[in-house]
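One structure is given here, and the rest of the page talks about it.
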Amino acid sequence: GQQVMQIPQYQHVQEGEDFTTYCNSSTTLSNIQWYKQRPGGHPVFLIQLVKSGEVKKQKRLTFQFGEAKKNSSLHITATQTTDVGTYFCAADSWGKLQFGAGTQVVVTP
Amino acid sequence: GAVVSQHPSRVICKSGTSVKIECRSLDFQATTMFWYRQFPKQSLMLMATSNEGSKATYEQGVEKDKFLINHASLTLSTLTVTSAHPEDSSFYICSARVDSGGNGYTFGSGTRLTVV
């Protein structure tokens, strides 16, 4: 089955800085979803990208889907302590989610 | 929004016993639910797809006789870990989807299973 690779695995960010997490697939994806999981919590849906080259924004979060629909990124600007958690990309294949390894984000005040 | 209720949130059991985890869709009907397992500091791994009124489909490497799934109604799916062993200790999470129109999957709050 398809695999979704996600980097970096860990991201230490100073409050106020920006960071980006990346997902790549060897196969073309029908769509990609992003989730956030707070420490001790469960994944919460952030967004779904479907179209080639699509860009969506949610306040300080910017999500992109590559032109070839094989990669995606999540960029967070002006990181806040509330951004702490693990961010997962996930490819939806016939109703099944294939999760990336996740990027664990730690924010230093 | 869509809510998936999962319980228990935590359970400690002795080796060799069985544990049942329930997952309910509270404000929508879910013909399909998904069960995941997550080890500490790792990603979510799909275990099985629970189908209302029919047998669950299991991912490769998941023992169907050990992880029994029942989806008896449109709002309830259960996962029973049978003859639990310490290596079964993990975070188990269910999910379901209201629709495919741009909305993602809603996850339950998870069950942390510790087998002693």
Side-chain angles (χ1 to χ4, degrees), chain A residues 1-11 21-25 29-51 54 56 58 61 63 65 72 74 84-106, chain B residues 1-10 21 23 28 30-52 54 56-62 71 77 90-112 114:
Chain A
Q2 65 188 6
Q3 283 191 321
V4 178
M5 311 300 290
Q6 186 174 358
I7 57 170
Q9 190 172 4
Y10 299 101
Q11 183 76 58
T21 171
Y22 302 88
C23 276
N24 290 286
S25 170
L29 303 172
S30 59
N31 67 72
I32 194 153
Q33 300 175 21
W34 286 88
Y35 291 80
K36 177 182 179 181
Q37 185 177 23
R38 293 183 183 275
H42 59 279
V44 175
F45 173 71
L46 295 176
I47 209 153
Q48 175 176 274
L49 303 172
V50 178
K51 299 178 182 177
E54 190 169 16
K56 287 188 177 180
Q58 288 180 352
L61 279 60
F63 304 84
F65 202 8
S72 180
L74 161 58
V84 164
T86 301
Y87 294 83
F88 293 97
C89 60
D92 191 345
S93 176
W94 300 103
K96 297 180 182 181
L97 284 182
Q98 177 74 46
F99 281 84
T103 295
Q104 183 181 348
V105 176
V106 175
Chain B
V3 177
V4 173
S5 174
Q6 182 175 346
H7 69 90
S9 58
R10 291 178 182 272
I21 302 169
C23 187
F28 66 101
T31 55
T32 304
M33 289 188 178
F34 303 89
W35 288 94
Y36 293 84
R37 181 167 55 184
Q38 185 179 34
F39 291 107
K41 303 293 185 182
Q42 294 189 24
S43 187
L44 288 85
M45 296 300 296
L46 180 65
M47 298 175 65
T49 303
S50 171
N51 303 297
E52 187 270 333
S54 64
T57 54
Y58 291 80
E59 296 301 300
Q60 192 173 7
V62 178
H71 197 148
S77 175
S90 187
F91 192 51
Y92 293 86
I93 321 175
C94 62
S95 78
R97 198 175 197 183
V98 178
D99 59 56
S100 59
N103 297 310
Y105 293 79
T106 300
F107 285 80
S109 54
T111 298
R112 188 158 305 280
T114 303

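Reckoned from all heavy atoms, side chains included, excluding hydrogens, waters and symmetry mates. What you see is a predicted model, and the numbers here were worked out from it, not measured in a lab. A note on names: the letters A, B, ... follow the listed sequences, proteins ahead of strands, and every chain is numbered from 1.
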Residue among A:P43, A:G100, A:A101 with most heavy-atom pairs under 4.5 Å to chain B: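 Max contact count across the listed options: A:P43.
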What part of [X] is in contact with chain A, defined as an atom under 4.5 angstrom from a non-hydrogen atom: side chain, backbone, both or neither?
X: B:L46; result: side chain
X: B:S109; result: both
X: B:Q38; result: side chain
X: B:Q6; result: neither

Heavy-atom closest contact (A:Q37 atom, B:F91 atom, distance):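 Looking at all heavy atoms of both residues, the closest pair is NE2-CE2, 4.1 Å.
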Shortest non-hydrogen contact from B:Y105 toward A:K96: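 Closest pair (atom of B:Y105, atom of A:K96, distance): OH-N, 4.4 Å.
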Atom pair NZ (B:K41) and CD (A:Q9), whose distance is rounded to the nearest 0.5 Å: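 Between B:K41 NZ and A:Q9 CD, I get 10.0 Å after rounding to 0.5 Å.
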Between CZ on residue A:F99 and OH on residue B:Y36, distance to nearest 0.5 Å: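 Those atoms lie 5.0 Å apart.
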Heavy-atom proximity to chain B below 4.5 Å, by part of A:L97: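 When you check distances to chain B, atoms from both the backbone and side chain of A:L97 fall under 4.5 Å.
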Flag, side chain of B:S43 to backbone of A:G102, donor-acceptor distance under 3.5 Å: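 Side chain of B:S43 to backbone of A:G102, a donor-acceptor pair under 3.5 Å: no, none is there.
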